[in-house]
Every structure is written in structure tokens, then in C-alpha cells.
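Shown next, in C-alpha cells, is the structure this report addresses.
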Amino acid sequence: KVGKEENLRSPICCIMGHVDTGKTKLLDCIRGTNVQEGEAGGITQQIGATYFPSENIRERTKELKADAKLKVPGLLVIDTPGHESFTNLRSRGSGLCDIAILVVDIMHGLEPQTIESLNLLKMRNTEFIVALNKVDRLYGWKTCRDSPIVKAMKQQSKDVRDEFNTRLARIITQFKEQGLNTESYYKNKAMGETYSIVPTSAISGEGIPDLLLLLVQWTQKTMVGKLRYSDEVQCTVLEVKVVEGHGTTIDVVLVNGVLHEGDQIVVCGMQRAIVTTIRALLTPHPMKELRVKGTYLHHKEIKAAMGIKISAQGLENAIAGTMLYVVKPGDVGVEDYIKAAEEDKNSVMGRIDKSGEGVCAHASTLGSLEALLEFLKTPKVNIPVSGINIGPVHKKDVMKAGVMLEKKHEYATILAFDVKVDPEARELADELGVKVFTADIIYHLFDQFNGYMDSIKE
Ligand code: GDP
Ligand code: MG
């Protein structure tokens, strides 16, 4: 029988990579197979996450004959691929994502957002496995539905295998250029130093069993300490959303502990910390077909690890990427929690240059702002920041950046990462001569700013 006595929680897994590499499809593929056969195999869809129980993983990996003891209860895969959810899964600067899948298209190799993802993973010191996706697109590929990759590879012609090897070697070289050792997982003898590559097809399912098994085996082998279940609530806000009938809600990932309906919670807000009470703990309805839009299952309590929607009053100004605190019954006051919540925000917001000279940095959430600031601070980049904000760029932000026009003209610049610029703000910026650079890849902001600096020097 499975060794549940260790009481581990499910590892949390994020999917990252360049657009169109198949992140969504891969998730669908992992989720889908059993659902189509009419048995979901215990898979539950949660808010912003999907839970795969070990039984399901064992069933799907049995062909690999790993007869591995699965010690974790399952795997919690975050549904919203991309850097947004990864950067928001944070706790005081460290990452809460236990492991990531970095998806690379075998036909395209490393692309700009692959490198962006790599940089974020490095910054947060997060383990990852490369899914080398779309192997079915190799010319002449013979479909071996849902088969382990080594078995599928044996079915292929020599031409297919040659092309595969050529592309794999090229991609391993590209990773090396980024300072990383990688190797196909079935040859990798030094996991931990060398990152594993699992060839996959999200269309026909080759390699998916390997990917699932590797995720679970690797996390439970190397992260037992981190995965030991704890009663101490550890919870982070992934998204702030308005939902009909519930007002403003927050989508959270509960990493550890238990949340109850009626718990008093403290969440970081734009102006000050928000103290409120959980009105409802919600997850999607399990029977998809019967699901009426906007209806949720209500829970009295929920245990980690889970993706949950929380409905409560006063969440309008909550900030994604911050920690949620629960006031324990019997605690004297909420002051300590308010302080903790605000400290978290201040530790990020307080990272502006002491000289008062620098650009303004904007991002959509605290998590992505933190990632942007960390990047701007790295020695090879080294762009000073004098002002920061979360959310779209408004006129007042342009005014603020305009202050630099007199001090250091080139710093009258806003670097906007993954946020919108209000048209009026854009107009005002043109009028005043404030530069506004936008990008959804952090280092593109660096490129744009550098280009601008060079043009000034000329
Ligand atoms: P995302 O942007 O990374 O989420 O990529 P999607 O999952 O939306 O996939 C982008 C496109 O690639 C879609 O047309 C998919 O059908 C296709 N695609 C994804 N995975 C595979 C694969 O393994 N094989 C093939 N042939 N196509 C794929
Ligand atoms: Mg997608």
C-alpha cells in the first residue's frame, strides 16, 4: 500500500514556454484522455488548477513499469500557463511552484518567451522539466497513441529517428548557450545538474506517461521536506476577478493548511491591507456537462494543496501575487497580520533607487513587478528605478515620470511590463516627451530602453 504515513501534500506544477508551443494542448491532453472514456479517474478541475490524483497517474504510467511508490497524493497543475501565474505563486520573494514544465516546440527550438521563462525559473530557483513537444510533426511520424516515448521511438523509421536526434542535439546546444545542461530524460544520469528533456506530443499523447511519472518521482524524491504537509496556512493570490453574483473575488492557491468558511483573512490591498471574512469557498462544479455558467460548489472547509475561489467583501483593491493570511481564532489582534501583509508589498515596492533618479516600472501584479525589478537590478542590465506601480499606466503615472525630465532626461521613461497604457496617458506622454515602452517579455523592455539610450547618445 502507498506510504501515506509521510503525509505529503501534492506538488504544485506550472506550465511555461513560448506562445503556440502547445502549453494549453498539453494540459488538455494530460487531463483529457480518461475523461473521454467516461471515467475522469478522479481528476478534478479547480480554480486555476487541475488536480491529478496518484491513482490516475499510476494507471497512466503503468506501461513504464516503474512500479514506483507514489508517495504524494497527486499533482496540482496550474491551469493558466505563462509567466503570470508563475510569478504570482510567490511567498516573500521565493517561489511556491515546486516544479515547472517548460514547453519547447521541437520544430522551433528555443524562442524569446522560452528564454524569458528560463530567466524567471533561474531567478526563483525552480526545478523544471522540458517537454519537447510536437514530435508528431516530424516527417513520417508513426502515431503510437499515449505510448511511452522510448517505445514510440522504436516504432519510427530511421529517417524519423535521425531527424529527431538532429533537432534534439540542436536544442541541447541552444540550452547550453543559455548556460544550462540538458539531456533526454532516459539518458540523464545526473538529474539535478542536468535538466531532463521529455519528447511529447500533445495531440497523440506520446511521452505523456513519461512526463507525468518524471514530475511525480522527481518531486517526491528531492522535495520531501518542502512537500511535507503543514497546518500553517500558506496561500497566495493568483488573480483578482469580478464574478457575477459574487462581486470581486480572489482566486488563490492554498499551498498548505486548511481554509474555512467564516475565517477572518488579511489580504494586501492597493492602499492598505484588507481585513475581511471568507463568505464562500468555491470550486467549479465537477460535472462539466451540467455546469451552468457561474455556478460553483460551496465548501465548508478546504485542505491544501488546492486552487480555490474566495468570495468576501472588500476585495476590490486586492493585489495579485500577495500572500493571504488567516487570523487564528484566539489571536489577540489582526495588527500583526496587517503588518505582515503590508511588509510583503513594501519589500517589493520599496526597491526603488535611493538616489531618486531612475525610470518608472509598471507591471500587472506584485509578482510580475518583482520579477521585472529583479531583472532591472541584474549587473548586465542595471537600470535604476525611481518609481513603481501595479496596474495600467494612467496620466498621473506619466506626470510622475515627467519629473525626471528636469533631472535626468533619459529616465523620464516608463517600462510597462504586461500592462495597458491608457490612451490619454499615451497622449500626455507624447506631449511631455516621456517615453513609454511596453512589452510582454521583460528583456524586450531592456532592448527598447537600450536602443533609446543609444539613440540619445548619437
Ligand atoms: P500555447 O499557446 O502554448 O497554449 O499553445 P496551444 O496549446 O494553444 O497550441 C498551439 C497550436 O499548436 C494549436 O494549433 C495546437 O493544436 C498545436 N499543437 C499543440 N501541441 C501539439 C502537438 O503536440 N502536435 C501538433 N502537431 N500540434 C500541436
Ligand atoms: Mg495557451
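As the structure lists them, so they are numbered: ligands from 1, and atoms in each ligand from 1.
Distance alone, capped at 3.5 Å, is enough to place a donor-acceptor pair between the Asp210 side chain and the Ile149 backbone. Listed for the Thr61 side chain is no donor-acceptor partner under 3.5 Å among the backbone atoms of Pro209.
Summarising the local packing, NZ of Lys226 is surrounded by more than 12 heavy atoms from other residues, nucleotides or ligands at distances under 6.0 Å.
Asn133 and Asp105 are not linked by any side-chain donor-acceptor pair at a separation below 3.5 angstrom, with hydrogens and angles left out of the test.
Between His246 and His298, the ring-plane angle classifies as tilted under the 30° and 60° cut-offs.
Between Leu110 and Gln178 the shortest side-chain heavy-atom distance falls below 4.5 Å.
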Nitrogen or oxygen contacts under 3.5 Å, ligand 1 side and protein side:
residue  : atom   : partner : partner atom : Å
ligand 1 : 2 (O)  : Asp20   : N            : 2.8
ligand 1 : 3 (O)  : Asp20   : N            : 3.4
ligand 1 : 3 (O)  : Thr21   : N            : 3.3
ligand 1 : 3 (O)  : Gly22   : N            : 3.1
ligand 1 : 3 (O)  : Lys23   : N            : 2.8
ligand 1 : 3 (O)  : Lys23   : NZ           : 2.8
ligand 1 : 4 (O)  : Thr24   : N            : 3.0
ligand 1 : 4 (O)  : Thr24   : OG1          : 2.8
ligand 1 : 5 (O)  : Gly22   : N            : 3.1
ligand 1 : 7 (O)  : Thr24   : N            : 3.3
ligand 1 : 7 (O)  : Lys25   : N            : 2.8
ligand 1 : 12 (O) : Lys134  : NZ           : 3.1
ligand 1 : 20 (N) : Asn133  : ND2          : 3.2
ligand 1 : 23 (O) : Asn133  : OD1          : 3.2
ligand 1 : 23 (O) : Lys134  : N            : 3.4
ligand 1 : 23 (O) : Asp136  : OD1          : 3.4
ligand 1 : 23 (O) : Ala202  : N            : 2.7
ligand 1 : 24 (N) : Asp136  : OD1          : 2.6
ligand 1 : 24 (N) : Asp136  : OD2          : 3.3
ligand 1 : 26 (N) : Asp136  : OD2          : 2.7

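Geometric assessment of Lys122 against the ring of Phe128 yields a negative cation-pi assignment under the 6.0 Å and 45° thresholds.
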Which is it for Lys395 and Asp422 under the salt bridge (Lys or Arg N to Asp or Glu O under 4.0 Å) test, yes or no, and what are the steps along the way? CA-CA 8 Å; Lys395 268 169 94 171; Asp422 184 74; over 6 Å; no
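Inspection of the environment of the Mg ion (ligand 2) yields the following protein N, O or S atoms under 2.8 Å: Thr24 OG1.
Between His83 and Phe417, the ring center distance clears the sub-6.0 Å criterion.
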